[in-house]
Amino acid sequence: MSIYLIRHTAPLIDKGTCYGQADIDVKESFYDEAAIIKTAMPVELQKVWSSPLQRCRKLAEHLFPAHPINLEHKLKEINCGEWELQKWDDIPSHIIDPWMEDYVNVRIPGGENYLDLYDRVVDAFLNIASGETPAAIVTHGGVIRSILAHITGTPLLDSFKAFSIYYGCVIRVSRNGDGFVHEVLSNIPTAKEQHKPSPK
């Protein structure tokens with residue numbers, strides 16, 4: 001049993017912008033990035049799952065043109081609510097500080113917290129893992145990090161330090177007894193992402 005977790009390629013958005021479920025397109029480097037992803041993928045797959053957001057759906061359709069793409073809303077990135085497409089540095093400190101101090105439990109206004117994301121993602125992952133494999137999941141950094149936290153027992157608070165997940169990464173998850181193991185197949189460092197305001 002193998003499931004290939006694939007993060008979308010670089011999104012077409014200015015650095016320092018907060019985005020989660022905003023439906024952002026991909027950069028012109030898409031085809032070059034996708035070519036690297038292809039080198040880490042197996043020839044045969046049974047199922048392909050994808051977040052419905054276009055930065056994932058376009059990659060899934062490009063990588064697997066012969067497969068129907070199963071769009072799963074639970075595989076979307078975290079919902080950033082009122083902060084979607086705002087500059088991180090423009091969000092007032094009295095609003096963002098509570099979330100910065102406990103993003104696992106504190107919800108973004110009008111959106112989700114990390115636990116909300118984790119719960120829906122794990123539900124989707126276990127459903128996929130119980131079905132036909134090998135399978136591919138084309139999705140987002142937060143989704144992949146949630147899956148890895150689940151299968152390794154890593155506390156969500158520690159998951160950003162534990163798992164570096166760059167655009168276009170490919171990670172194979174395999175069943176091992178009653179649990180799962182993972183192997184990084186491709187994870188080329190890209191420009192550092194910004195998911196919080198700049199240091200003062």
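Only a predicted model underlies this, so the values are computations on that prediction, with no experimental measurement involved.
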Handout entry: Exceeds 12 heavy-atom contacts within 6.0 angstrom, atom CD of Glu183
Key =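 Yes, because the 6.0 Å sphere around CD of Glu183 holds more than 12 heavy atoms from other groups.
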
Problem - More than 12 heavy atoms from other groups under 6.0 Å of NZ on Lys27 - result: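 No - once you tally the heavy atoms of other residues, nucleotides and ligands closer than 6.0 Å, there are 12 at most.
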
Handout entry: Arg7 NZ/CZ over Tyr166 ring centroid, <6.0 Å and within 45° of normal
Key =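 The answer is no; the distance or angle limit is not met.
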
Exercise for the section: Step through it carefully: locate the ring centre of His62, locate the ring centre of Tyr31, and say whether they are under 6.0 Å apart. Expected result: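 Between His62 and Tyr31, the centre distance is under 6.0 Å.
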
Practice task
Run the ring-centre check on Tyr118 versus Phe125 and record whether the distance is less than 6.0 Å.
Solution key: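 Ring centres of Phe125 and Tyr118 not closer than 6.0 Å.
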
Would you say [X] and [Y] are hydrophobically clustered, going by side-chain heavy atoms of ILVMFWY under 4.5 Å?
X	Y	answer
Val138	Ile37	yes
Met1	Ile128	yes
Leu63	Trp49	no

Problem - Side chain to side chain, Cys18 and Leu85, heavy atoms closer than 4.5 Å - result: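 Result no, sub-4.5 Å side-chain heavy-atom pair not found.
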
Practice task
On the 0 to 90° scale, with breaks at 30° and 60°, tag the Phe64-His67 ring pair as parallel, tilted or perpendicular.
Solution key: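 Perpendicular.
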
Exercise for the section: Describe, in one word, how the ring planes of His182 and Phe163 are oriented to each other, choosing from parallel (under 30°), tilted (30 to 60°) and perpendicular (over 60°). Expected result: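 Perpendicular.
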
Problem - Spacing of OG1 belonging to Thr139 relative to CG belonging to Leu75, to within rounding of 0.5 Å - result: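 So the OG1 of Thr139 and the CG of Leu75 are separated by 5.0 Å.
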
Problem - Atom pair CD/CG of Gln21 and Asn79 - distance to nearest 0.5 Å - result: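 Going from CD on Gln21 over to CG on Asn79, the span is 4.0 Å.
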
Handout entry: Option passing side-chain hydrogen bond (donor to acceptor under 3.5 Å, both in side chains) with Ser51 (candidates His73, His140, Glu77)
Key =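 Running side-chain hydrogen bond (donor to acceptor under 3.5 Å, both in side chains) over His73, His140, Glu77 with Ser51 returns exactly one hit, His140.
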
Practice task
Would you sort out whether Tyr167 and His8 count as a side chain to side chain donor-acceptor pair (under 3.5 Å), showing the intermediate values?
Solution key: CA-CA 6 Å; Tyr167 296 127; His8 61 79; over 6 Å; no

Exercise for the section: Check the pair Asp25 / Lys58 against salt bridge (charged side-chain N to carboxylate O under 4.0 Å, His left out), numbers first and verdict last. Expected result: CA-CA 9 Å; Asp25 206 344; Lys58 284 185 175 182; 2.8 Å; yes

Practice task
For Ile78 and Tyr114, work out which heavy atoms get closest and say how close.
Solution key: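 Shortest heavy-atom contact: CD1-N, 4.2 Å.
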
